[in-house]
Trainee: 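Next up is a structure, given as structure tokens.
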Amino acid sequence: LQDWNRVLSEHVRNGNLHEAKRVFDSMPHHSVVSWNCMISVYARNGHSLQARSVFQQMPWKNLISWNLLLGAFSRSGDLEASIALFDSMPLWDLVSWTAIIKAFAAAGYFCIAKRLLDQMPEHDLISWTTVAAQFASDGQVDAAKAMFDSMPQLDLIALTVMLDAYAQSGHHHLQRAQELFDRMPERNLLAWTALLHAHTQAGNIQGCESVFEDMPEADLVSLTAMLVAYAQQGRIREARDTFDAMPERNLIAWTALLSAYAQNGHLELAEDIFNSMPQRNVVSMEALLSGYALGGRVEEAKVMFNSIPERTLVSWNSMLAAYAQHGHVKEVKALFYEMPARDQVTWDTLLSALTQNGHLELASVVLGSMPERC
RNA sequence: UGCCUGGAGAAUUCAACA
């Protein structure tokens with residue numbers, strides 16, 4: 001049985017749903033581990049509902065089963081379901097706590113996440129790193145730094161998170177990022193790519209090139225990062241060459257290329273990419289939308305916006321920015337009220353639309369009614 | 001005692017930085 005499970009979990013690791021199913025169905029017996037593997041493989045493929053139905057069907061559950069389902073909900077961004085499940089769990093361990101805290105932080109509830117972190121019966125490096133990583137991706141460098149300063153020991157992952165935090169804050173912290181990287185006892189491709197990203201954010205293209213050359217290896221992620229670095233400098237030729245040099249391409253790489261054209265005034269090329277790329281998603285649609293906005297083609301931006309099947313907050317913000325950039329204050333206001341959710345970017349966009357167009361008194365009212373940041 | 005669960009890198013929106 002353990003041998004069967006080993007084979008099964010190998011497919012789970014690879015995210016191979018069909019093989020995993022096949023193995024599961026041909027096993028003579030199932031243990032709780034086999035069932036857990038099935039929850040896991042559904043979760044990894046983004047099928048949280050299927051994961052739940054496996055969970056409900058299984059004859060025995062252990063804490064790992066609960067944690068797996070919690071992870072499935074959290075991964076799908078369903079905070080409500082995550083909370084409900086967490087509350088109904090018979091017991092919790094570090095993994096459960098870490099998962100629910102991450103769910104809160106990922107949804108932007110940093111105060112709650114931090115409070116839960118303090119309430120946890122015990123912490124470890126992973127739970128701290130989890131929260132710090134959320135701060136980092138939200139651009140809250142100081143908060144991330146403070147957390148790491150209070151940790152006794154950092155490992156490669158924690159250091160990479162800190163590197164990423166520096167990277168997010170652009171050129172203020174490039175020096176610190178570089179120093180941190182130089183002091184790291186070990187490095188992997190992820191750390192190298194985070195450093196490359198730090199140089200990109202700082203607009204230091206020579207730094208990007210030399211980091212890229214020094215990297216012991218390259219993969220799709222680091223190549224895409226380099227493409228973006230070129231694109232940001234308007235060096236489309238090199239961006240394109242980087243794309244062409246990729247041994248394989250995914251949706252992110254395609255979107256990066258699309259955006260390279262869109263942000264540098266090559267709208268027709270951007271459209272060509274958009275029409276010829278193997279898949280499209282919200283992000284690629286938003287990228288083209290912003291290209292239209294940049295080129296002053298607000299109507300086409302609007303058409304694109306309307307054609308997005310599942311709009312995200314970024315979709316709304318992008319459309320808002322499209323209006324804001326061209327002084328369509330009326331539309332900005334209307335859209336702002338219509339939006340299902342708002343974040344800091346939303347408010348900043350609104351404010352800049354108002355101030356750029358002389359509505360200073362209204363801007364100050366808006367300033368006063370902004371929600372406090374945690 | 002080593003069959004299953006939690007943390008890190010790339011694309012899209014505002015501003016800031018140059």
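Convention: sequence-line order gives letters A, B, ...; per-chain numbering from 1.
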Trainee: Starting the side chain at C-beta, find the nucleotide from U13(B), G7(B), U5(B) nearest to Val95(A).
Mentor: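 The closest nucleotide is U5(B).
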Trainee: Which nucleotide, A8(B), G9(B), A10(B), lies nearest any side-chain atom of Val228(A)?
Mentor: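 The closest nucleotide is A10(B).
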Trainee: What nucleic acid atoms does Gln263(A) come within less than 4.0 Å of, heavy atoms only: base, sugar-phosphate, or nothing?
Mentor: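 Gln263(A): backbone/sugar contact only, no base atoms under 4.0 Å.
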Trainee: Angle between ring planes, Trp347(A) versus Phe336(A), binned at 30° and 60°: parallel, tilted or perpendicular?
Mentor: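 Rings of Trp347(A) and Phe336(A): perpendicular, over 60°.
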Trainee: Output yes when at least one side-chain N/O atom of His197(A) is less than 4.0 Å from OP1 or OP2 of A10(B), else no.
Mentor: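 The answer is yes; a side-chain N or O of His197(A) sits under 4.0 Å from OP1 or OP2.
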Trainee: N/O contacts under 3.5 Å, protein versus nucleotides 1-4 of chain B?
Mentor:
| unit_1 | atom_1 | unit_2 | atom_2 | d |
| --- | --- | --- | --- | --- |
| C3(B) | OP2 | Arg6(A) | NH1 | 2.9 |
| C3(B) | O2 | Asn5(A) | ND2 | 2.5 |
| C4(B) | O2 | Asn36(A) | ND2 | 2.4 |

Trainee: Without decimals, in angstroms, what is the distance between Leu69(A) CG and G6(B) P?
Mentor: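 Result: 13 Å.
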Trainee: Can you classify the ring geometry of Tyr166(A) versus His173(A) as parallel (below 30°), tilted (30 to 60°) or perpendicular (above 60°)?
Mentor: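 Plane angle between 30° and 60°, so tilted.
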Trainee: Please work out if Leu125(A) contacts a base, only the sugar-phosphate, or nothing of the nucleic acid, heavy-atom cut-off 4.0 Å.
Mentor: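 Base, at least one base atom sits under 4.0 Å.
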Trainee: Within the structure shown, what part of the strands sits under 4.0 Å from Asp343(A) by heavy-atom distance: base, sugar-phosphate, or nothing?
Mentor: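 No contact.
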Trainee: Do the rings of Trp254(A) and Phe243(A) sit parallel, tilted or perpendicular, given the 30° and 60° boundaries?
Mentor: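 Rings of Trp254(A) and Phe243(A): perpendicular, over 60°.
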Trainee: Touch check for Val161(A), heavy atoms < 4.0 angstrom, all strands: base, sugar-phosphate only, or nothing?
Mentor: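 Here Val161(A) touches the backbone only, sparing every base.
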Trainee: Counting heavy atoms from C-beta on, name the nucleotide in U12(B), A10(B), G7(B) closest to the side chain of Ile252(A).
Mentor: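 So the side chain of Ile252(A) is nearest to A10(B).
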Trainee: Among A10(B), A18(B), C14(B), which nucleotide sits nearest the side chain of His171(A)?
Mentor: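 Out of A10(B), A18(B), C14(B), the nucleotide with an atom closest to His171(A)'s side chain is A18(B).
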Trainee: Could you tell me if Tyr109(A) and Gln134(A) have a donor-acceptor pair between their side chains, going purely by distance under 3.5 Å?
Mentor: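 There is no such pair between these side chains.
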Trainee: From the options G6(B), C14(B), G7(B), select the nucleotide whose nearest atom is closest to the side chain of Ala133(A).
Mentor: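 Closest nucleotide among those given: G7(B).
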Trainee: Any base atoms under 4.0 Å from Asn250(A), or only sugar-phosphate, or nothing? Heavy atoms, all strands.
Mentor: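 The residue Asn250(A) makes base contact.
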Trainee: Where along residues 172-193 of chain A does a heavy atom come under 4.0 Å from RNA chain B, residue by residue in number order?
Mentor: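 Here the set is Asn188(A), Leu189(A), Leu190(A), Thr193(A).
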